[in-house]
Amino acid sequence: MTKRHTILLVEDDQEFADEIVDLLESLGHDCIHRTNAKEALAIVQQGGFCCAMYDLQIFAGSDSIKPRVESGLTLASGTRQHYPNKNLGGFHCLPILCMSGHAKELDLIMELISSGVANSFIKKPLG
């Protein structure tokens, strides 16, 4: 029996999250979906996932009234601090992919990548 990879998806747009979950499952992966940084942080501390996909504009918690980029940045940075290890090839053992549909966040994403917090970027919507 082959163990499936599990991806932690943090996305507060339920329709988009459903599309990503369907895509990941069609590729043979499992998905843990959370809608805010507080819930995601609990999963980060538990572990059990192979990759993280974070929308940058997410709610801080279930009582938040507006998604904020700071919540996504804090979650990505906290995840990298929790999982800093790299393999012998120099790649992070836990890849972090950041997603955004806002061009104004491109500089932030490039900073996350250049600082080693994020490994890559996915532009929303997927095409």
Side-chain angles (χ1 to χ4, degrees):
M1 182 173 179
T2 304
K3 183 168 170 56
R4 293 164 50 115
H5 290 282
T6 301
I7 290 91
L8 172 59
L9 171 66
V10 182
E11 172 61 62
D12 55 9
D13 179 334
Q14 189 61 51
E15 187 176 322
F16 186 72
D18 290 343
E19 290 178 20
I20 294 291
V21 169
D22 286 347
L23 174 64
L24 293 171
E25 288 177 349
S26 75
L27 295 171
H29 305 299
D30 290 325
C31 192
I32 301 169
H33 173 231
R34 295 296 181 262
T35 59
N36 64 64
K38 184 177 180 181
E39 292 174 358
L41 188 56
I43 299 297
V44 167
Q45 292 170 348
Q46 285 177 347
F49 57 96
C50 306
C51 176
M53 294 178 69
Y54 296 155
D55 183 8
L56 284 185
Q57 279 201 15
I58 57 172
F59 294 102
S62 58
D63 57 347
S64 297
I65 59 172
K66 185 176 180 186
R68 304 218 181 263
V69 172
E70 295 82 16
S71 298
L73 294 172
T74 301
L75 178 60
S77 297
T79 302
R80 180 55 68 219
Q81 287 176 356
H82 201 76
Y83 298 97
N85 296 339
K86 294 183 178 182
N87 63 23
L88 294 176
F91 297 101
H92 284 109
C93 295
L94 178 76
I96 298 174
L97 309 173
C98 290
M99 302 182 292
S100 177
H102 303 280
K104 65 184 178 193
E105 295 170 6
L106 188 57
D107 289 340
L108 292 172
I109 292 166
M110 297 315 297
E111 184 178 320
L112 287 173
I113 292 171
S114 66
S115 68
V117 170
N119 297 89
S120 194
F121 165 69
I122 298 171
K123 186 176 184 292
K124 292 175 23 179
L126 301 179

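L73 CG to E111 CD: the interatomic distance, rounded to the nearest 0.5 Å, is 8.0 Å. The distance from atom NE2 of H5 to atom SG of C51, rounded to the nearest 0.5 Å, is 10.0 Å. Between H92 atom NE2 and R80 atom CZ the span is 4.0 Å, to the nearest 0.5 Å. If you take CG on D55 and CG on D12, they are separated by 6.0 Å, rounding to the nearest 0.5 Å. Once rounded to the nearest 0.5 Å, the distance linking CG of L97 with CD1 of I109 reads 11.0 Å. The distance from atom CG of L41 to atom OG of S71, rounded to the nearest 0.5 Å, is 11.5 Å.
Using a distance-only test at 3.5 Å, with no hydrogens or angles considered, no donor-acceptor pair links the side chain of R34 to the main chain of A40.
Closest approach of I58 to L75, counting heavy atoms only: CD1-CD2, 3.9 Å. Minimum interatomic distance between C31 and L9 (heavy atoms only, all atoms of both residues): SG-CB, 3.7 Å. Of all heavy-atom pairs between Y83 and V44, the closest is OH-O, 2.7 Å. The shortest heavy-atom contact between L112 and C98 is CD1-SG, 3.8 Å.
Here the side chains of S100 and F121 are in contact, with some heavy-atom distance below 4.5 Å. In this structure, the side chains of L56 and K124 stay at 4.5 Å or more apart for every pair of heavy atoms.
Atom CD of Q14 has more than 12 heavy atoms from other residues, nucleotides or ligands within 6.0 Å.
Connection of L24 to F16 is established within a shared hydrophobic cluster, with ILVMFWY side chains joined at heavy-atom distances below 4.5 Å, either directly or through further cluster members. Hydrophobic clustering keeps I122 apart from I96 (ILVMFWY residues linked when any side-chain heavy atoms are closer than 4.5 Å, directly or through intermediates).
For D30, the salt bridge (charged side-chain N to carboxylate O under 4.0 Å, His left out) partners at least two apart in sequence or on another chain are R4.
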